[in-house]
Amino acid sequence: MNLETLNKEQKEAVMTTDGALLILAGAGSGKTRVLTTRIAYLIEEKQVSPHNILAITFTNKAAREMKERVSNLIGSMAQSIQISTFHAFGLKIVRENYDILGYDKNFVILDSEDSLTVIKRIMKEMNLDPKAYHPNAIKNKISSSKNELISPERYEQFAAGDFEKVVLEVYRRYQKTLKHNNSLDFDDLLVLPIELFRKHKDVLEHYQDHYQYVLIDEYQDTNEAQYILSKMISSKYKNICVVGDPDQSIYSWRGANYRNILNFETDYKNAKTILLEQNYRSTKTILDAANSVIKNNQGRKEKNLWSSKGEGDKISYYRAYDERDEAFYIIREIKQLLKKGVKEQDIAVLYRTNAQSHIFEEEFLKANLPFKIVGSIGFYSRKEIKDLMAYLRLIHNPKDNVSLMRIINVPKRGIGLKSIQNLIEKADRENISMYEAIDGGKEQSFKNVIEDLKKVSENVTLTELVDKILDSTGYKQELESEKSLEADIRLENLEEFKSITRAFEEAYGVISLEDFLLETSLVSDVEEYNNDPNRISLMTIHSVKGLEFDYVFVTGLEEGIFPHFNSLMDSGGLEEERRLCYVAITRAREKLYLLNARKRMLFGKDQVNPGSRFLSEIDTSLLDINTKEEPEAKIDKKDVLHDQDMNYEVGEYVYHDIFGMGRVVEIKGDLMSIAFKIGIKKLMKNHKSIHKVEE
DNA sequence: GAGTTATGTTTTTTT
DNA sequence: AACATAACTC
């Protein structure tokens, strides 16, 4: 096997196959290459059976890519390696042990939207005011408890406050409801395997013997449950290799604890650590910018990431007038790049929040630029697709009350809240599912339709079943008669859904409803089934982790957007935003563009945001600043701290700590319009202050 | 029970 | 601005 193209550290990381190994891999240091080569090395040089290897990634996309790359190295043997996300791996274990865990074989998986629905319903049942107790907050609390392996029983021991007491009771009922519906949520996919392993040592040992070599990618983003799970699986053979970069830990809100990676050496005795510090991806300029940003984080392990590439272009910074101008600028730049022969797939536009994608979508469409939105509102979370999935799930698992309630009156069957309430009560009283509780009334005809479909499902392919559902429920007909653009899009999406089921059928031969439902339950994106490569990628920074592009536009670099408002309060949050910024910058190979807007529509209102503090952390010598000469910002006198002297006059020069030097061009009551020159040079602590200057 | 209007809320990020 | 929920008619 040829390892000559690897550098010394990479080679060592590949060849250190036994024992605990920590690979601290800086951004762009060839981490995936090392991982895939290592897997190939295990199989080809160390004669490890592909069946005995478990490789865990963080996203489906990463898993797919790793599989493909290993496949390129060793061919079809790659198919036998368990390469998946933690959640998919957990699902596999649950599927193989559902009976011990006390579930029926036909369990279904709820996505977060479904979970929220369940929680809302429980809260209603408990007469809780959703304004006093935010359903989402409760859901997050329950989810993080589960990820920290805190059961309701344990939660009870420290639930002291009012809110916590509420959470406790909702948590209890939520767990009961899920079990009763024969359904699991995402978190259960981690919690249940651990429970299983704790109670059944023999089962654990079976999996330990099965997965003798364990590799975990993005280890800095593991949460407690994932940490425990990895530890359990690998504790017999102790061949665990983890890869990560503490500076790229961006999932603390999901319970990720980057101490897991910092503690690895004390945690696993005799662990070996290898540092990958040579960056093969980015130009020196880009790397300098990334380093100068991340070094502002306290208490991090200093590392010495260096690039073998040349200086490259300067980083373009553009401060746009508003979010539309920001989009225009990007479009102009992209058109020039395309003219120069750059391929669409080598360009990415990144943003902090999904909400920002709207304007890009709109303007890219108008400008005729081919793009794809990666992640975001996934295909499977569209209403019509969720409806259809609910039909499929109910057919598969009649205990699934969540799905039943979703579709019992879709399309309209004249079944209202009252009837549903009756069903809930009856089901509760007799301890049966709502579906079973249906006996007569308008609901009966719904039940008949489902019963009929259930029979049909035994004899037809999945795609035919979908057709039959859309037909016999009247779903398709309702949309067709609507004759609106929206309905047409929904119909198109349903057609698209059928092309997915067809693709599944081609790939697997005949696919059962069960396999299909579980296969798709962890995927939010349809991406993998129709990925037209010739497109510009638009995505959040979270989704871009692990990817790289020649040309990267990082947008919305404004205080409040990036770093996000919700993180401004605590230093931990801010540091995570900074790591996010580090991730964004290090995605770029050739050229980086940084953008922000002076004015941006937020919650329906215009807001003026100062430039992001992260910008000021980059040395201006790395930047090529392009800002319109006469940008105007409206400043509300009431909103700024300023000199005692309130009497500003048109034509006066002022200094704003964010926007820098400017000239007052108009005063209307408390609103002052100020034309600023370029304003990113000096960002100061006190963000909201202006004062007069002599000129 | 369904449809319309008024009111309030949301947006951080994902499996 | 877009969306969800609540309140209000028919």
Side-chain angles (χ1 to χ4, degrees), chain A residues 56-63 84-91 109-117 120 123-124 129-131 134-137 140 143-144 146-147 184-191 218 221-223 225-226 249-256 323 350-359 362 374-378 380-381 383 408-421 441-442 520-525 539-546 556 560-569 573-574 576-577 579-581 583-584 600-607:
Chain A
I56 300 283
T57 61
F58 223 68
T59 62
N60 295 312
K61 202 188 296 160
S84 61
T85 63
F86 269 111
H87 288 85
F89 179 58
L91 174 58
I109 292 167
L110 305 185
D111 64 18
S112 4
E113 196 189 323
D114 300 327
S115 298
L116 190 62
T117 309
K120 281 181 185 162
M123 288 178 67
K124 209 164 205 173
D129 180 6
K131 276 159 207 154
H134 245 252
N136 247 319
N140 289 341
S143 175
S144 56
K146 290 175 87 163
N147 280 307
L184 324 179
D185 66 11
F186 284 144
D187 305 324
D188 287 331
L189 297 174
L190 306 175
V191 175
E218 308 281 13
D221 278 328
T222 49
N223 62 32
Q226 292 164 331
S249 170
I250 56 174
Y251 282 96
S252 73
W253 50 276
R254 236 174 75 185
E323 69 267 35
L350 309 182
Y351 35 82
R352 175 64 179 85
T353 67
N354 278 309
Q356 289 164 254
S357 74
H358 249 97
I359 187 91
E362 214 175 294
V374 181
S376 82
I377 305 150
Y380 288 103
S381 52
K383 181 184 178 298
I408 192 164
N409 200 31
V410 181
K412 299 262 179 308
R413 300 186 175 91
I415 302 168
L417 276 168
K418 197 74 208 223
S419 322
I420 293 177
Q421 198 51 44
K442 288 172 182 160
T520 50
S521 60
L522 298 181
V523 186
S524 57
D525 217 328
M539 62 184 118
T540 65
I541 299 164
H542 281 86
S543 339
V544 83
K545 187 160 78 148
I561 302 290
F562 191 16
H564 193 270
F565 282 116
N566 297 359
S567 69
L568 295 180
M569 292 312 148
L574 259 170
E576 179 140 324
E577 295 288 307
R579 290 195 291 271
L580 204 48
C581 186
V583 169
R600 182 183 293 276
M601 182 83 95
L602 232 85
F603 306 119
K605 280 201 303 250
D606 266 342
Q607 230 178 344

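Labels below follow one simple rule: chain letters A, B, ... track the order of the sequence lines, proteins then strands, and each chain is numbered from 1.
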**Asked** Given atom CG of A/Asn140 and atom C1' of B/dT14, what is their separation to the nearest angstrom?
**Response** 12 Å
**Request:** Select base, sugar-phosphate, or nothing to describe what A/Lys605 touches, counting heavy atoms under 4.0 Å on all strands.
**Result:** nothing
**Message:** Measuring from atom CD of A/Gln421 to atom NZ of A/Lys124, what distance do you get when rounded to the nearest 0.5 angstrom?
**Reply:** 8.5 Å
**Asked** Taking atom CG of A/Leu350 and atom CD1 of A/Ile541, what is their separation to the nearest 0.5 Å?
**Response** 6.0 Å
**Request:** Could you tell me the separation between the CD atom of A/Glu218 and the P atom of B/dT14, rounded to a whole number of Å?
**Result:** 14 Å
**Item:** A/Asp185 (side chain) donor-acceptor with A/Asp188 (main chain) under 3.5 angstrom
**Value:** yes
**Item:** Euclidean distance, atom CG of residue A/Asn354 to atom P of B/dT15 [Å, nearest integer]
**Value:** 11 Å
**Asked** Which part of the nucleic acid does A/Phe58 contact within heavy-atom distance under 4.0 Å: base, sugar-phosphate only, or nothing?
**Response** sugar-phosphate
**Asked** Among side-chain atoms of A/Ser543 and A/Thr540, is any donor-acceptor pair under 3.5 angstrom?
**Response** yes
**Asked** Of A/Ile420 and A/Ala355, whose nearest nucleotide on DNA chain B comes first from the 5' end?
**Response** A/Ile420
**Item:** A/Asn409 side chain vs A/Ile415 backbone, donor-acceptor pair below 3.5 Å
**Value:** yes
**Complete:** Looking only at B/dT14, B/dT9, B/dA2, the nucleotide nearest the A/Lys131 side chain is B/dT9
**Message:** Both A/Leu417 and A/Phe86 contact DNA chain B. Taking the nearest nucleotide for each, which residue is further toward the 5' end?
**Reply:** A/Leu417
**Asked** Under 4.0 angstrom, heavy atoms only, what part of the nucleic acid is A/Lys442 near: base, sugar-phosphate, or nothing?
**Response** nothing
**Prompt:** On DNA chain C, which is the earliest and which the latest nucleotide, 5' to 3', with an atom closer than 4.0 Å to a heavy atom of chain A?
**Reply:** C/dA1 to C/dT5
**Request:** Classify the side chain of A/Ser543 and the base of B/dT13 as holding, or not holding, a donor-acceptor pair under 3.5 Å.
**Result:** no
**Asked** Rounded to the Å, how far apart are A/Trp253 CH2 and B/dT11 P?
**Response** 13 Å
**Item:** Nearest-angstrom distance from the residue atom CZ of A/Phe562 to C1' of B/dT13
**Value:** 10 Å
**Prompt:** Distance between the P atoms of B/dT13 and C/dA4, in whole angstroms?
**Reply:** 15 Å
**Prompt:** Could you give the CG-to-C1' distance, from A/Asn136 to B/dT13, as a whole number of Å?
**Reply:** 13 Å
**Asked** Would a line drawn from the ring center of A/Phe86 to the ring center of A/Phe58 be shorter than 6.0 Å?
**Response** no
**Prompt:** How is A/Asn409 classified with respect to the nucleic acid when contacts are heavy atoms under 4.0 Å: base, sugar-phosphate, or nothing?
**Reply:** sugar-phosphate
**Request:** Identify whether any heavy atom of A/Ser112 sits under 4.0 Å from a base atom; if not, whether one sits that close to sugar-phosphate; answer base, sugar-phosphate or nothing.
**Result:** base
**Request:** Calculate the interatomic distance between A/Tyr251 atom OH and B/dT13 atom P; express it in whole Å.
**Result:** 11 Å
**Request:** Check whether any side-chain N or O of A/Thr59 sits under 4.0 Å from OP1 or OP2 of B/dT14, and answer yes or no.
**Result:** no
**Asked** Considering only B/dG1, B/dT11, B/dT15, which nucleotide approaches the side chain of A/Arg254 most closely?
**Response** B/dT15
**Request:** Output the distance between atom CD1 (A/Ile56) and atom OG (A/Ser84), rounded to the nearest 0.5 Å.
**Result:** 4.5 Å
**Request:** Tell me what A/Gly416 touches on the nucleic acid: a base, only sugar-phosphate, or nothing, going by heavy atoms under 4.0 Å.
**Result:** sugar-phosphate
**Prompt:** What's the CG-C1' distance between A/Leu602 and B/dT11, to the nearest Å?
**Reply:** 8 Å
**Complete:** dist A/Met569:CE -> A/Leu574:CG (nearest 0.5 Å) comes out at 9.5 Å
